Structure formats: C-alpha cells, structure tokens
Amino acid sequence: MAILSAKDFKSNQEVRWCPGCGDHAVLAALQRALPKVSQALNYEKERYVVVSGIGCSSRLPYYMDTYGFHSIHGRATVISTGIKVANPWLTVWQVCGDGDALAIGGNHFIHAIRRNIDINILLFNNQIYGLTKGQYSPTSKFGAITKTSPYGTVEHPFNPGSLVLGAKGTFFARSLDIELALNEEIMTAAALHDGTSVVELLTNCVIFNDGAHKELSSPELKADHTIILKDGQRMIFGKDKEKGLVYDGKKLRVVHIGEGGFTEEDILVHDSHSDNIGLQTALADMKGPDYPVALGVIRDVKDITYDDGVRDQVKEVMTKSSIHCVDDLLKSGSVWEVE
Amino acid sequence: MQHKVIETGDVVIRFAGDSGDGMQLTGSLFADMSAIYGNGLSTFPDFPAEIRAPHGTVSGVSGFQVHIGGDDINTPGDFCDLLVAMNPAALKANAKWCKRGAMILIDSDSFDESLLRKAGFQTDDPFTEMKVEDRAIICAPITTLTQESLKDSGMDTKSIRKCKNMFTLGMACFIYSRPMDYIFQYLERKFSKKHPEMIAPNRKVLQDGFNYASNIQAIPNTYYVRPAHPQKGLYRNISGNQAVAWGLLAASEKSGLPLFCGSYPITPATSILEELAIYKSLGVKTLQAEDEIAGICTAIGASFAGNLAVTTTSGPGLSLKSEALGLAAMTELPLVVVDVMRAGPSTGIPTKTEQTDLNQALYGRNGECPIPVIAAHSPSHCFDAAFTAAKIAIEHMTPVILLSEGFLGNGSEPWRIPEMKDYPDINPPYVKGLMVEGRKYNPFERDPQTLVRRWAIPGQKGLEHRVGGLEKNHEGTISSDPLNHEMMVRERRAKVDKIADFLPELEVHGEQSGKLLVVGWGGTMGHISSAIDELVSDGVKLGYAHFDYILPLPRNTREVLAAFDKVLVCELNSGHFAAYLSDAVPGTKIVKYNKIQGQPFMIKELVDAIKKEL
C-alpha cells in the first residue's frame, strides 16, 4: 500500500472559512492524522468517509479528498450510523458543531453513543451559531450576550463531556483548535478506538465569539487554566508545574505540590483505559475558575460495538436458518398446493 | 332436529369482542383454515388504538371480519352473515353491520346487567334496542361451557377464560362446515416447544364448541361455502405488511444489494420492520431508530454506502421525514419510503384506514422536489409494489414513496406463490462499467436518455466524491449559479417524468370509451371492482381504470381520460387524486366520490354513487 501524506487528503476545493477561524487548524490536524491512521491500521484512502451536518464546520467534507456527505442540520450522526452499519469496512469521520450535534441533533448524538457505533465524531465547539450569524448555542455560557440573548442567556450550557460520559460513552477527548500536535495525537487515538469516539474541539469564532476560549489558548493563561492528561503521567499543571489534582474520596481537588503535606507522589496518575467512569466524569466536568479544563484523551475503554453486534447476529442467524433465498422464504410456513 | 345444509357462494363473518378476547386470532385462524380449504377470501381487522381499552366498553371492541367464498372475493364484504359478539359492547358496536338474514351468536354469560349498562344499553333487551331482534339469535353460555370443558385440565380460571375464543371458533367451524385439522396443526406448532401441556386442552375446548353447536337446536342452518377454483400452484395467505417486507427482500436479491431498514415503530406500519427483523438469514440489517428522522437518515447513509435502503412509516412519520426526503432527492440516492396510511391529521385515528397522505407524498417537501409515488392495490399486490418501488429507486437513482393503507397492511388474502426466476433483474447504474476508462467521475453527470446519474459506492479507489443537500453542478461542486440551479431543478423533474417510459400503460376494464370512466387508486380496488362487476352485470356500460402509478402517471393517461365524457374519481380522502388528475390532464370533466371515515368503501355506496353519475 502506498504511503499517504496530508496532501493526499486535500481536495481541490477552495477553503471558505473566515480568515483566523479555528476550523482551519482542525482541518490541518485531520489531514495530518489520517496518513498516520492509514499506516497504523493499513487503511487505503478510499475507505474514508467524512460526514457532516449543517454549520460552518460542516463544510469540512468538501475540503477532504475522500468520500463525503454534507447532510442536513443535526442529522450527521444518523447518516454516519447508516453508513457504518451498512458497510462496516468503511471508516467514518463525522464533523459537527455545538448547535448541530447538541441542539437539533442532540437526540441522535446520545443514541449513537449509547449504541457505541464505531464512528469518530469531531465536535467543533465554538459556543455560538456562526453560520446564522451569532445566536447562542447549547454550549454558550450562562448569561452570554448574543443576537438572540441581548440581555444575556438565562439557560445553562451543556458540557459535551458530561453528556458523552453520562451516556456511558467509550471514548471522549477534548482539545483546542490551536493545539495541532495534540489534535493529531487525539484524532489518531480516536481512530484506533473501536466504538463511538467523541473529540470535543474548542474552536474560536473570530467573528461572533472571539476569545471564547481565551483563558485556555493564550500563552500567558493556558498553563494555569488547562491540564493535558496523558496516560501513565501524573495530573500536574501550572506555569511551574507546581499544581496537581488529588482525589479525596468524594471529589477532585487542586493542590500545590509541596504544600499542605502533598508531594508529587500524592498526585493522581491518568488512566483513560480504566473503567473508572466516576473519576473520568469528574475530570471531564472540571472548569474554571477553581479547576483547570482537562485536555487530552479522558476516557478510552473497550466495549462491544453496534456495527459488530449487527454483523455478528446476521452471520449467526445465517448459519442457523433454513431460509437462504427468497424462494425458500416464499415457501416457508403454512402453504398449500392447488392441483 | 335435522340441520339443513345450505350451499352458498360466499359468507361474511364478523368476530367481535373485548380487545383482550382474542378475536384477531380467532378471525385469522378461521381465515387461514378457509384458505387451505380452498376458499377465496379477504380479511379486515378493525381494532381500537388502545391495547386493552376498559373492559366491556364500546371503545374497547376489537373486530375481525372475514369474507370467504369462490374466485371473486375482492373485499372483506360490506355486511356480515354471522356476527359473533362476545359481550354487549361488541353487539352495540357491530349490530349495524348485520345483514337482514344474519345470525348473531352471543356469549350469553356476558350479557348481564352490569355489562349491558357498561355498553350503554337502557333495557335488558339489547337486540330490540339495536333493532336486530328479527335476526337468528343464538344465545350460548360460552364462558360457562368453556369452564365446564376445561374444569379437569388443571388450568387456572384466568387461563380457562382465555380459551373462550377457541370454543367460539369451534362453533363457527360447525356452522360453516369447516374441518378443524388446520387449527389442530396450528396448536401443535404454537405450543409443542414451550407449552406442550396447552395442546390437549385447546383441542378439547375447540372440539367441545363444535359438538355443542351440533347438539343445540338453536342453529337454524349450517352452510357449505363452495371453494374457489384457483389456478394450479402453491398458495399461502399473506398480509399487506408482510408482502411489503418480502417484496423488498426480493428486490434485494435481484439487485445484489443488501437490504437495510431504518425505522421507528408506528401504527399501522410497524409489522414491516418486525417482519424484516426476522430474516437476518437473508442478510437484512434492521435498525430500530430513536425517531422517524433517524429512521430515514440511517437509511440514506446506508444507501450512500451501497445498500438497498428502506424506511417504513405512517402519515405522522412521513411528515417528520420530509426534510430528509428532500436530501435523498437532492443527493439522488435510491431509497424506498413505505407509508402505510392511517386516518389523520396529527395522531388522528391510528388504527383506521384512509388515503389522506397522497397530497403529502406528492407535495410535502420544501423546494422543487418531485419524488415518484406508487400505490399498492391489495394485500398480496404489496409484494410486487414494493419490488417495483425498489427497482425504480435503484435504476433511476431516486427516493420512491410507496403508499399502502392500514386496510391493506393488516388485511390478508390467499396468494399464489411466485417464483423469483419470473421476476426481472434490478440493475444499479454503477459508474464502473459505464464510465470511460481514465475519465474523471462527475457525480451528477447524467445518462442522456434516462437522465439518471451514475452511482459510485464508497470504498472504490479513485472515485472519491462528495454529495450533500447544497445545490451542485454536474461535476459535484457547490454552485449557487442561477442558471445552473434552474437546469438542475428541471433535470431532476425530467428524470422522474422519464420513469413513465419504463412503466406499464394504464388498462381500462369494461368500455374503452363512452360516458363514464370510474377511476380509483390504491387499496380501494377490491371494492370498486366489485361495484363495477355488479353494475356491469345489470347491463350498465362504463369503464374502470385503477392507478398503481401516481407520479409519474402512466404514459397513456391523457388518452384514456379523453375517451370518456366524464371521469368519476373515488378515493378515501377529500379528493387529492382528483385534483392531481385535473391538473395533469386539463380539460377532463372530473367528478368525485369521497369518504373520510377511517373505513373502507362499501360496495353498495359505490354502486349508488356511480349510478348517480350515469
């Protein structure tokens, strides 16, 4: 098999996102990750299908030189599900925004996760409706002032991680648009995971919600406001790596290493593969100002996938049943002959 | 007393009771048995939406009508020769369906003070109240007799009471000279694995019912219903929903495409999904989706990935699927949408039949969005209709709406089993084999004759392309160019219109020209053709045309209509097809006969309506 490069995944279409939009960086990371996935799993380029709903980020399939389906608002998850069940040999990447996946498509989103269908969902979360020019979304912060909430919203946002883990999702990761290297790594891990992989990408909308993730992305602030979780490594963060996370039996706590009797040995070690969904949920739920926002692969556990289940059942029934063609079917059960 | 055995051409029997009385089973067993005996038949289950409505109330009455006879049984019959009423409510709800000389068989144990009041009777004489006191009324203490029959069976009282329907069925078998072997075999099949102890008691109660009926003197006559003389061959009973499922399986086999069904349960379409879920041995994948939209969208995804994709629903579900139907039309992917129509709007009367989704099927989408619409005309025709819907969808790269009706979906009739070798192949327009070597694949480039685009199923090297809901040009690039948009709109319409070149012409029964052409479509065919037969045998001269293909219409539609002075369109809605026809063939004098009661036509009303137009 020919070795693929990022260039092989670039289509000839002109990329039409606004200059400075976070989506450009995510597209670049995906185009860099797929050659790695192809090498690791021995996948030819023609196995990739990129599916999207409606929204700014949902234009992404046009920019990928793969099979692609730009569908309708909220329904990308079910189009992806149909593709994967019909032909499990294909590897499905789905692109959706926070409005697309969590408002109009919220029902499909949780049910795909519940089924654990083997698709990779890239959830672009810019906390705003961009394509319709600036209305609040289900992830907009409480009180957000937008065109449809001129006095501030009076509703709480969803944390996508809580939804995924609440639906007993098997893979959840979070990152920022600008973290190119981390994104490439996370996307590769998502592809290697069998089951629904959800990658939340906190993206910046320069036009309608600029700076929404500023604390997490600015060079001065991010060390104190984010923590990058890596398997086998201690949960340490801060400008001088002076802070860490401990679990006191009830909840996570931020401690200063060397203070209050806490040494580096007391700090938690990350394990995305353990089935400790309580701790993983607590990590996914962390937010400022008291906690850093967790980035990286938070949960990555094995479970049976829906597409495998469907395929195996068909195989099993095929071996047991005496009906193997439509003529068999038509003559089965109660029939009578007229002479 | 010596029973007189009367030979007759056909009889209609209506079994009615509480929704928990097992009347659907009783009726279908009687029907299956009659089919094997060689009768022609048609059935009509008429049940409430509630699974177990309040005991003894009129709203909870469940009925099953079966019409048995010779070769010419086209409908379940307007009125019945025997009404079985398991309680006063069943009598109240169904007395109006009794013929003048009908027999009424009741379970007299249930005609007590409290149940009479529950059913809303004022007096202790429900027969006079219903004005059926002159019918032959057979009062049998069915509950007591069933208890007596099974007192040594070791069964508990509740289980014994559930066997009342078998006692009743035994009585019906006596009245209509039915051999009970088929029911005995059914009991063996049903119980031999899990409850072999149930076989003997059920046989006993059935036989006791038969013997009781032969011993009492209340039954004036018994009947011998002459069997049909059907064409040689292997037969089975089939319901419309089962036939849809099987027709789709046949299309899957003939096209070489695996079948995928994404659906959400909805009355009266659910049993199609249930049926398909059984036949995994034929490679079917069924997905019970989280909602109607997920049903159609998983199917669209499966179609993109190269399956024969199907979604099954009823009116409210079709409404929810509208936007996605537009996506299927825009991406020009094959898809079969089955709508088993029921009385609407909104939830309407979910278990009752109607043809009120025609306008929705024809027009219910945003933008210019023509989608082929075809209709099934009988339970067994659902097989061919589903096969044809799939063939059109695949060969013309389009979604297709197949309209069925609750009346067809739940109704059943004997069917001469076809052989798959007699069905045509279905040829997907794959780009491989049609494309010139080395040329770029343009996903929306069309075949010049049919205007059908070529299909490149994902997974093939070098054919990577994108589809979607945005308007595109032939190359598959997004385009908002005004002239390109109009061209694509017109091409998609012309592609659908050209399907008519591949469809059979409309046939006219009876007179080929003259004063009056009667027109119908869908599940009303049995009733309309029976009415026409009756009129023709009285010497009336008219023509009758029944439409299976609605969009596009058969090529000769204009010619057929033009040969008559007047066209009477009969349909179970306010006139959807009549309006559509007058738009399609301007200048035709169209008159309408409509019924919107959640019930099929009656032959008599049709005869009267047609006579008025003569």
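We name chains A, B, ... by the order of the sequence lines, and we start the count at 1 in each one. Just so it is clear, the model here is predicted, and its values are computed rather than measured.
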Examine whether an atom of [X] lies under 4.5 Å from a heavy atom of chain A, and if so say whether it belongs to the side chain, the backbone or both; otherwise answer neither.
X         : value
Ser303(B) : neither
Tyr235(B) : both
Tyr186(B) : neither
Ala299(B) : neither
Leu327(B) : side chain
Ile457(B) : backbone
Ala35(B)  : both
Leu257(B) : neither
Gln185(B) : neither

Review point. CG of Leu330(A) to CZ of Arg236(B): how many Å apart, nearest 0.5 Å?
Key: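 So the gap between those two atoms works out to 7.5 Å.
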[X] side chain near [Y] side chain, heavy-atom distance below 4.5 Å:
X         : Y         : result
Glu253(B) : Cys325(A) : yes
Ile478(B) : Arg59(A)  : yes
Tyr279(B) : Val317(A) : no
His70(A)  : Val467(B) : no

Practice item. Show your working on side chain to side chain contact (heavy atoms under 4.5 Å, CB included) between His108(A) and Asp291(B) and close with a plain yes or no. Key: CA-CA 9 Å; His108(A) 308 313; Asp291(B) 59 30; 3.4 Å; yes
Would you mind telling me which of [options] has the largest number of heavy-atom pairs within less than 4.5 Å of chain B?
options                                  : value
Glu316(A), His324(A), Lys45(A), Arg47(A) : Lys45(A)
Asn12(A), Thr81(A), Asn107(A)            : Asn107(A)
Val335(A), Leu329(A), Val49(A)           : Leu329(A)
Met64(A), Glu44(A), His73(A)             : Met64(A)

Review point. Any donor and acceptor pair, going by atom type alone, linking the side chain of Tyr67(A) with main-chain N or O of Gln460(B) inside 3.5 Å?
Key: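 Yes: the side chain of Tyr67(A) pairs with the backbone of Gln460(B).
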Review point. Counting only N and O atoms by type, is there a donor-acceptor contact under 3.5 Å from the side chain of Arg75(A) to the main-chain atoms of Ala324(B)?
Key: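 No; judged by distance alone, with no hydrogens or angles, the pair does not exist.
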For [X], is it the side chain, the backbone, both or neither that has a heavy atom under 4.5 Å from a heavy atom of chain B?
X         : answer
Arg115(A) : side chain
Ser11(A)  : side chain
Val85(A)  : both
Lys320(A) : neither
Tyr306(A) : side chain
Val310(A) : side chain
Glu339(A) : backbone
Leu90(A)  : side chain

Can you tell me which of [options] forms the most heavy-atom pairs within a distance under 4.5 Å of chain A?
options                                    : answer
Gly459(B), Ala302(B), Gly326(B), Gly262(B) : Gly459(B)
Lys232(B), Glu290(B), Arg416(B)            : Glu290(B)
Gln231(B), Glu323(B), Glu419(B)            : Glu323(B)
Gly38(B), Cys297(B), Gly283(B), Gly295(B)  : Cys297(B)
Ile417(B), Ile296(B), Ile36(B)             : Ile36(B)
Ser281(B), Ala305(B), Gly468(B)            : Ser281(B)

Considering all heavy atoms, the nearest [X]-[Y] contact:
X         : Y         : answer
Lys285(B) : Pro88(A)  : NZ-CD, 4.0 Å
Ser334(A) : Arg189(B) : CB-NH2, 4.5 Å
Leu249(B) : Val326(A) : O-CG2, 3.6 Å
Pro414(B) : Trp336(A) : CB-CZ2, 4.0 Å
Leu282(B) : Ile323(A) : CD2-O, 3.9 Å
Asn87(A)  : Pro458(B) : ND2-O, 4.3 Å

Practice item. Check step by step if side chain to side chain contact (heavy atoms under 4.5 Å, CB included) holds for Phe69(A) and Thr331(B). Key: CA-CA 9 Å; Phe69(A) 201 139; Thr331(B) 52; 3.9 Å; yes
Is it true that, when you exclude [X] itself, more than 12 heavy atoms of the residues, nucleotides or ligands shown sit nearer than 6.0 Å to its [atom1]?
X         : atom1 : value
Phe158(A) : CZ    : no
Asp425(B) : CG    : yes
Tyr48(A)  : OH    : yes

Check your understanding: Thinking salt bridges, do Arg466(B) and Asp65(A) make one under a 4.0 Å N-O criterion?
Key ->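 Looking at Arg466(B) and Asp65(A), the cut-off is met.
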Point to revise | Trace of the side chain to side chain contact (heavy atoms under 4.5 Å, CB included) decision for Gln313(A) with Lys280(B) | key: CA-CA 8 Å; Gln313(A) 206 172 49; Lys280(B) 295 198 164 45; 3.2 Å; yes
